[in-house]
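Only one structure is covered here, and it is reproduced in the block below.
Being a predicted model, the structure only gives us computed values, none of them experimental.
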Amino acid sequence: MRLFRVLRQGFDFGAREVAHWFPGHMARGVKQMKARLHNVDCIMEVHDARISFFAFVEISNTRIYKHLKEKGVENIIYTDCTKDENIRQILPKITELIGSSQRFQRAEIPECSILVVGVPNVGKSSLINSLRRLHLKKGKASRVGAEPGITRAVLSRIQVSENPLLYLLDSPGVLSPHIETVETGMKLALCGTILDHLVGEDIMADYLLYTLNQKEQYRYVEKYGLDGPCPDIESLLKKIALKLGKTQKVKALTGVGDVNITVPNYSAAAYDFIRTYRRGELGQMTLD
C-alpha cells in the first residue's frame with residue numbers, strides 16, 4: 001500500500017522576530033578592513049553557493065553567471081575546498097586583474113596583497129589554507145571551524161604564493177546589521193552564518209524540512225530510513241532520534257510515584273538533521 005502525505009504549502013513563523021547578529025567584532029572588522037584598503041591590490045569576495053538566486057546548484061551556475069554579469073560582476077570562480085576544485089584558477093585570475101590595473105601608490109611594491117571578505121562561516125579561512133597547500137605546500141595559517149565567528153579580526157598578511165609573491169588578508173565574516181525578514185535570517189542560519197541558538201534549532205529544523213519538501217529534495221527519506229516524505233518535524237525528529245539512539249531519560253509523575261522513562265531527544269535529533277544538511281548529505285539545495 002502506498003502512503004500519501006499532505007505536505008505543507010506555507011511556513012508559519014508565528015510572532016518570531018528577526019534574529020540580528022552584528023557583534024562588536026564585526027563592527028571592528030569593518031573599520032579594520034576600511035583602514036587596510038590603501039594597502040590592498042585586490043578584494044576577493046567569497047560566497048556560499050547555497051545562498052543563491054535560484055533553485056538548485058546543479059542547474060543554476062549558468063543562470064547565476066548571467067545574473068551577476070548583468071550587474072557588472074565578471075570574475076566568478078566556483079570552488080570546493082574539500083576537493084581543491086578550481087582552486088588553481090584563483091591566483092592566475094588575481095594576477096591577471098592586478099597586472100591590468102593601476103596600482104597607484106603600490107606600483108613600486110613587488111608583492112601583492114589581497115583582502116578576503118565574506119559573510120560568517122562562508123569558508124574564507126578554508127580557501128586561504130587551500131591556496132597555501134597548493135602553491136606553497138604548507139599547512140594551515142588560518143583557523144577554521146563549523147560555526148561563525150572563528151576569525152574575529154583582520155589578521156597579518158598570509159603568504160600564499162612565492163612566484164608571483166602574493167599575500168592574503170583574512171577578515172571576520174560580516175553580515176548586514178539589519179536582516180530584512182525572519183525568513184532571510186532563517187536561511188542564513190541554516191547555512192551557518194548566524195549562531196544556531198540565536199534562532200533556535202527546533203524551528204531551523206522545521207523550516208529545513210519544509211524547504212526540502214517544497215523543492216522535492218527527499219534524500220532525507222533514504223538517509224534516515226523513512227517510508228516516504230515526512231509532513232511534520234515532530235514525527236521526523238522522533239524517527240531520527242530513535243534511529244540514531246539519541247534518547248534521554250526523564251522522570252514522569254504518576255499516581256504511584258516517580259517513574260523514569262526513555263524519550264526521544266528531539267534537540268539532538270534537530271542538531272543532527274541540520275548538520276547533515278550542512279555537510280551536503282541531503283542534496284546541494286540553494287536557499288533562494
Side-chain angles (χ1 to χ4, degrees), residues 1-21 48 50-52 54-58 121 146-148 179-254 259-288:
M1 181 179 67
R2 186 176 179 180
L3 298 177
F4 291 89
R5 292 174 170 81
V6 178
L7 302 179
R8 289 173 288 180
Q9 298 304 307
F11 190 86
D12 182 13
F13 291 99
R16 185 174 294 270
E17 296 181 355
V18 178
H20 294 293
W21 189 48
D48 189 327
R50 294 169 300 176
I51 310 173
S52 191
F54 307 105
F56 305 102
V57 169
E58 300 91 280
N121 202 32
E147 63 180 38
I179 298 173
E180 293 183 358
T181 66
V182 174
E183 188 165 18
T184 298
M186 195 69 65
K187 293 174 180 179
L188 291 170
L190 281 175
C191 290
T193 64
I194 299 176
L195 291 172
D196 292 350
H197 73 268
L198 295 178
V199 179
E201 290 180 337
D202 53 346
I203 192 170
M204 287 171 60
D206 194 12
Y207 182 74
L208 175 57
L209 174 63
Y210 162 75
T211 306
L212 289 170
N213 287 339
Q214 284 291 304
K215 296 182 180 294
E216 299 182 348
Q217 292 285 294
Y218 301 129
R219 196 177 298 181
Y220 72 89
V221 174
E222 179 181 356
K223 171 69 178 178
Y224 294 112
L226 309 179
D227 57 10
C230 197
D232 68 279
I233 190 62
E234 184 175 355
S235 298
L236 175 64
L237 294 184
K238 181 177 181 180
K239 292 175 181 178
I240 291 175
L242 295 177
K243 177 179 176 61
L244 301 180
K246 296 182 180 297
T247 59
Q248 57 187 347
K249 291 185 177 181
V250 298
K251 286 186 177 181
L253 299 178
T254 69
V259 177
N260 289 325
I261 60 174
T262 300
V263 298
N265 188 330
Y266 290 98
S267 296
Y271 181 91
D272 183 87
F273 185 46
I274 293 167
R275 277 148 188 77
T276 300
Y277 163 69
R278 289 174 178 167
R279 291 194 300 268
E281 297 178 30
L282 302 182
Q284 294 299 321
M285 174 189 69
T286 60
L287 296 168
D288 57 319

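A salt bridge links Glu281 and Lys223; the closest N-O separation between the charged side-chain nitrogens and carboxylate oxygens is under 4.0 Å. Checked for salt-bridge contact, Arg8 and Asp206 meet the test: a charged N lies under 4.0 Å from a carboxylate O.
For the atom pair CG (Leu237) and CD (Glu201), the distance works out to 10.5 Å, reported to the nearest 0.5 Å. Atom CD of Gln9 and atom CD of Gln214 lie 5.5 Å apart (nearest 0.5 Å). A distance of 12.5 Å separates CG in Leu208 from NZ in Lys187, rounded to the nearest 0.5 Å. Summarising the geometry, atom CG belonging to Asn213 is positioned 8.0 Å from atom SG belonging to Cys230; distances are rounded to the nearest 0.5 Å. Once rounded to the nearest 0.5 Å, the distance linking CG of Leu244 with OG1 of Thr276 reads 8.0 Å. One finds the CG atom of Leu226 at 6.0 Å from the CG atom of Leu236 (value rounded to the nearest 0.5 Å).
Closest approach of Ala189 to Asp196, counting heavy atoms only: O-OD1, 4.0 Å. The two residues Phe11 and Ile203 make their nearest non-hydrogen contact at CZ-CG1, 4.0 Å. When all heavy atoms of Met204 and Ile274 are compared, the pair lying nearest together is CB-CD1, 3.8 Å. Here the closest heavy-atom approach between residue Pro264 and residue Lys238 is recorded as CG-CG, 3.8 Å. Heavy atoms only, all atoms of each residue included: Lys249 and Thr262 are closest at CG-OG1, 3.8 Å. Contact detail for Lys246 and Ala269: the closest heavy-atom pair is CD-N, 4.2 Å.
Atom CD of Gln248 is surrounded by more than 12 heavy atoms from other residues, nucleotides or ligands within 6.0 Å.
No donor-acceptor pair under 3.5 Å is formed between the side chain of Arg278 and the backbone N or O of Cys191.
Annotation: cation-pi pair Arg275/Tyr277 absent, no NZ/CZ under 6.0 Å from the ring centroid and within 45° of its normal.
For the residue pair Tyr271/Asn265, the side-chain donor-acceptor check at 3.5 Å is not satisfied.
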For this session: Please assess Thr247 against Val263 for the test side chain to side chain contact (heavy atoms under 4.5 Å, CB included), listing each intermediate value before the final yes or no.
Result: CA-CA 6 Å; Thr247 59; Val263 298; over 6 Å; no
For this session: Any chance you could lay out the side chain to side chain contact (heavy atoms under 4.5 Å, CB included) test for Leu212 and Tyr220, step after step, and finish with the verdict?
Result: CA-CA 9 Å; Leu212 289 170; Tyr220 72 89; 4.1 Å; yes
Exercise. Passes side chain to side chain contact (heavy atoms under 4.5 Å, CB included), Tyr266 versus Ile233? Steps please.
Worked result: CA-CA 10 Å; Tyr266 290 98; Ile233 190 62; over 6 Å; no
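Relative orientation of the Phe13 and Tyr207 rings is tilted, given thresholds of 30° and 60° on the angle between their planes.
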